[in-house]
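Please read the structure below before turning to the comments.
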Amino acid sequence: MDFLANLGLGFGVALTPANLGFALIGCLVGTLVGVLPGIGPVATVAMLLPLTFHLEPVSGLIMLAGIFYGAQYGGSTTAILVNMPGETSSVVTCIDGHQMARNGRAGAALTVAALGSFFAGTVATLMIALFSPPLALVGQSFGAPEYFSLMAVGLIAAVVLAHGSIVKAVAMVLLGLLLGLVGTDGQTGGQRFTFGVTILSDGIGFVPLAIGIFGLGEVIANLVAPQQRRELVSSRISNLWLTKEEFRQAWPASVRGTLIGSVLGVLPGGGATLSAFAGYVLEKKVARDPSRFGKGAIEGVAGPESANNAGAQTSFIPMLTLGIPGNAVMALMIGALTIHGIQPGPQVMTERPALFWGMIASMWIGNVMLLVINLPMIGLWVQLLKVPYRQLYLAILLFSAIGVYTVNNNTFEVILTALFGIVGYIFIRLECEPAPLLLGFILGPLMEENLRRAMRISGGDPMIFLNRPISLGLLIAAALLLLVVALPAIRGKREEVFQEK
Amino acid sequence: MKRLMLVWLSALPLVFGGVAAAQDKYPSKPVKIVVPYAPGGATDITARIFGEHMKNSLGQPFVVENKPGAFGILGIEEMARAKPDGYTLFIGNVSTNAITPILFQKKFNINFERDVVSVTRMAIYPSFIITTTTGFDVKNVKELQEQAKKNPGKVRYTSAGVGSFPHFDMEVFSRRMGTDMVHIPNKTGAAGMINDLVVGDAQVAVLNSASSAAMIKAGKLRPIAVIAEQRLKEYPDVPTLAEAGFPNVGTLHWQSMFAPAQTPKPVLETIFKAVQDAAKVPALQEAFAKQLVSVRPSDSLADAASWHKNELNTWRKTTSEVKIDLTD
């Protein structure tokens, strides 16, 4: 068996004492910076980059990958505990994860996130070993028209994210789209809605928007609420482990999330970002009682957490074969590779099998280490919630400000975060869900860009979207999804299931 | 964290004693290098590699601060406004420090030519005129010209965005060939451009030769000319664009170090010498050679200044030849 030989080679490389050590260092550092929102993984990896110049390429990559996973896991921890998404992928974890924490199930939420991620990591490693050559081809058949159609599916799915009124959800998606339009027009270089502010020519950053609307909005809402309610939340911490019932609900969600994440992660660029959102939408769609979502449904944590980890794993395929990074940390890894004269390309797998498979194997080892590091820590994290809120919120504000600043070393973005915090509070008062807004914000600009690119490619003929089979398939899926949301008969049922109370 | 790190690093010499003897001698504390890109890109890596070696010769850490945004303007302004004492430097490239000051002059809150001084050029990057092999079959510049002439508006080129140097290069190239090609800009840079070519969204581009090496080997891309002073020894069969009949077309991409204009001359000399020394280290040369980049520091401070002035003039000419409408 070819794939056994490949995995054997990979584990041979990853299990040397030195590489195990680098994986451990990476995971420890990553967990630390992930949980302390003030220090981002990008800044950390950038500082450690010169160190990797002196290492074997594979050792350097193993360490950086450990930081990446550790940080991602740490990001989920803050999302669950204090409603603070550090990265795109943990936005959806906030929705139900933080609600679970409010219900006193923070321990269970953290446990299921760790177990789900581990399971997804294991399966995704096997998938890569079995199918990586054909999976690499999938990414290479996605041009502008295909991306446009994929984004259309994503945007329609965004509406399903909300658990309140459908009108509000659509409005939030549109608002997100509009915010996403700010900046330099990619096709003409013109400035849109920048009001002469130089910094805005790069658009509004994701981190200020997400931290402001989710994290700070929540802080304001908590401070406005009567004190008893706040303290009640923090004192009701029950069992850290999953109950039998929770486990029964969580594991199928984890399996579904893993599958959807593995597939989407292969798409260069937007794929890994979409996977957590897609995982959440799927869970809500298949759930017998969707009204539980948004109020602390454990599937809403297990599904997206698994999807996001699986997606992160398989997105190494476009990174290593096309050189397209899924996020800023991966961009740094490519930088580390080029220092050693290794250019990402289709032949990395065949020409540098030890590097490629060693890396894949070390991902799995990294996942094991994270599980071992994090499970005993959960009790400790949960204790954080016992800190009186009047002290905790100050720490949240401080770390948010530092965290936002370090992304671009820019004070303007800190001010922007504060403004979005107020906006976030207004949304809470109006009972508008912020998740669809963020999805609109991420997908809208990608969709516009690819629409205009596709039209340029076809010379203005819209048939290009129907003539290409993958694009056509995706558009049909989008139409079906729209039908499900819009058909009056089904809508009646939808309101019944989706409406609160 | 970074600040903490600085404090910690600057305390090192005290701990190990001796080195910090002459407090007034430059540098007596860590030096900041502003890079106008996010970590991980070519300019960032150059700054980090040089920083490592300059630390060895000057005994102080050179800490990279990434200040991306607004075509490099944010980073340039931060450097230009810093105290001109040699503790704030800047490493930029042809896009941020030659095209941006011309194209976006109005967006600056400083006077670029008055407030910024070129310390030394550092490296030169060759680029390929490269075509895809996905549904497109041209083997040299002449065939490209024929194809594009036969199918006006059907041959597409990708670039790193409107107003990027690959955009200008392709636009000038297309005009000299007498063809009409469609521009499909891609904001995501080299990786995105490669993807555009491989999936067939575009057929041709000006692309950094190192970025394309793996795809060339895989037969997905084909270099038909190189923009460089001479042929690359790794690609002896690929003619320079001048040899292919188009002299004075295409940009020699560079990276260069800058400082606030009022920085004292002796301090600039010290920095200049440190870059020169670093450029001679075999390990550094090897790291760049692997990416087909030649390390080419200026001969002197004066040389750096006149060279950069010349670059600005070239781009003034190019941007007036190729009018790009960048509405505010």
Side-chain angles (χ1 to χ4, degrees), chain A residues 33 38-39 42-47 49-50 53 139-144 184-191 194 196 198-199 201-202 268-269 318 322-325 328 330-336 338-348 351 402 406 408-410 449 453-454 456-457 459, chain B residues 1-2 5 38-42 44-45 48-49 51-52 64-71 73-74 77-78 107 109 153-154 156 161-163 182-188 190-192 194-196 198-202 210-215 217-218 220 287 289-291 324-328:
Chain A
V33 301
I39 318 153
V42 179
T44 313
V45 172
M47 267 188 284
L49 202 59
F53 299 168
Q140 290 177 25
S141 55
F142 260 66
T184 306
D185 179 347
Q187 301 295 309
T188 65
Q191 301 288 301
T194 55
T198 313
I199 298 176
S201 62
D202 300 309
L322 278 171
I324 295 179
M330 287 195 176
L332 278 164
M333 291 188 202
I334 294 178
T338 47
I339 295 281
H340 290 285
I342 301 170
Q343 284 298 333
Q347 286 155 324
V348 166
E351 272 179 12
I402 302 173
T406 51
N408 285 325
N409 290 320
N410 201 318
E449 188 86 6
R453 289 167 62 90
R456 274 194 178 208
I457 289 168
Chain B
M1 172 72 181
K2 216 176 249 173
M5 189 91 172
D44 176 69
I45 301 283
R48 287 175 201 276
I49 296 181
E52 275 278 285
V64 173
E65 179 182 310
N66 300 92
K67 183 101 182 180
F71 321 100
I73 296 175
L74 299 183
E77 286 185 347
E78 176 178 314
K107 282 187 177 289
N109 293 314
K154 290 266 168 62
R156 302 178 291 271
V162 177
V182 179
H183 181 207
I184 310 272
N186 192 323
K187 281 193 282 197
T188 49
I194 291 176
N195 197 36
D196 285 350
V198 171
V199 301
D201 278 2
S211 308
S212 39
M215 283 294 177
K217 223 166 164 192
K220 302 260 182 196
K290 273 184 194 160
Q291 304 169 57
I324 292 179
D325 183 29
L326 293 160
T327 38
D328 290 299

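Basis for what follows: all heavy atoms, side chains included, without hydrogens, waters or symmetry-related copies. Letters A, B, ... are given to chains in the order of the sequence lines, protein chains preceding strands, and every chain is numbered from 1.
Nearest approach of A/Asp202 to B/Gly69, heavy atoms of both residues: OD2-CA, 2.8 Å. Minimum interatomic distance between A/Asn408 and B/Pro68 (heavy atoms only, all atoms of both residues): OD1-CG, 3.2 Å. A/Gln187 approaches B/Pro185 most closely through the heavy-atom pair OE1-CD, 3.6 Å. Considering all non-hydrogen atoms of both residues, B/Lys187 and A/Thr184 come closest at NZ-O, 3.9 Å. The two atoms that bring B/Asp201 and A/Arg453 nearest to each other are OD2-NH2, 4.0 Å, heavy atoms only.
Neither the backbone nor the side chain of A/Ile334 comes within less than 4.5 Å of any heavy atom in chain B. For a residue to count as touching a neighbouring chain, one of its non-hydrogen atoms must lie under 4.5 Å from one of that chain's; by this rule B/Leu74 touches chain A with the side chain only. Contact of B/Lys220 with chain A is made through the side chain alone, with heavy-atom distances under 4.5 Å. Using a 4.5 Å cut-off between heavy atoms, B/Ala38 does not touch chain A at all.
Within the model, atoms CD of B/Glu65 and CG of A/Asn409 stand 4.5 Å from one another, a figure rounded to the nearest 0.5 Å. A distance of 4.5 Å separates CG in A/Asn410 from NZ in B/Lys67, rounded to the nearest 0.5 Å.
Heavy-atom pairs under 4.5 Å with chain A peak, among B/Ser211, B/Gly51, B/Ala202, at B/Ser211. When each of B/Asn186, B/Asn109, B/Val182 is checked for heavy-atom pairs under 4.5 Å with chain A, B/Asn186 comes out on top.
With hydrogens and angles ignored, the 3.5 Å screen pairs a side-chain donor or acceptor of A/Arg456 with a backbone N or O of B/His183.
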Test log, rule side chain to side chain contact (heavy atoms under 4.5 Å, CB included), inputs B/Ile184 and A/Ile457: CA-CA 8 Å; B/Ile184 310 272; A/Ile457 289 168; 3.8 Å; yes
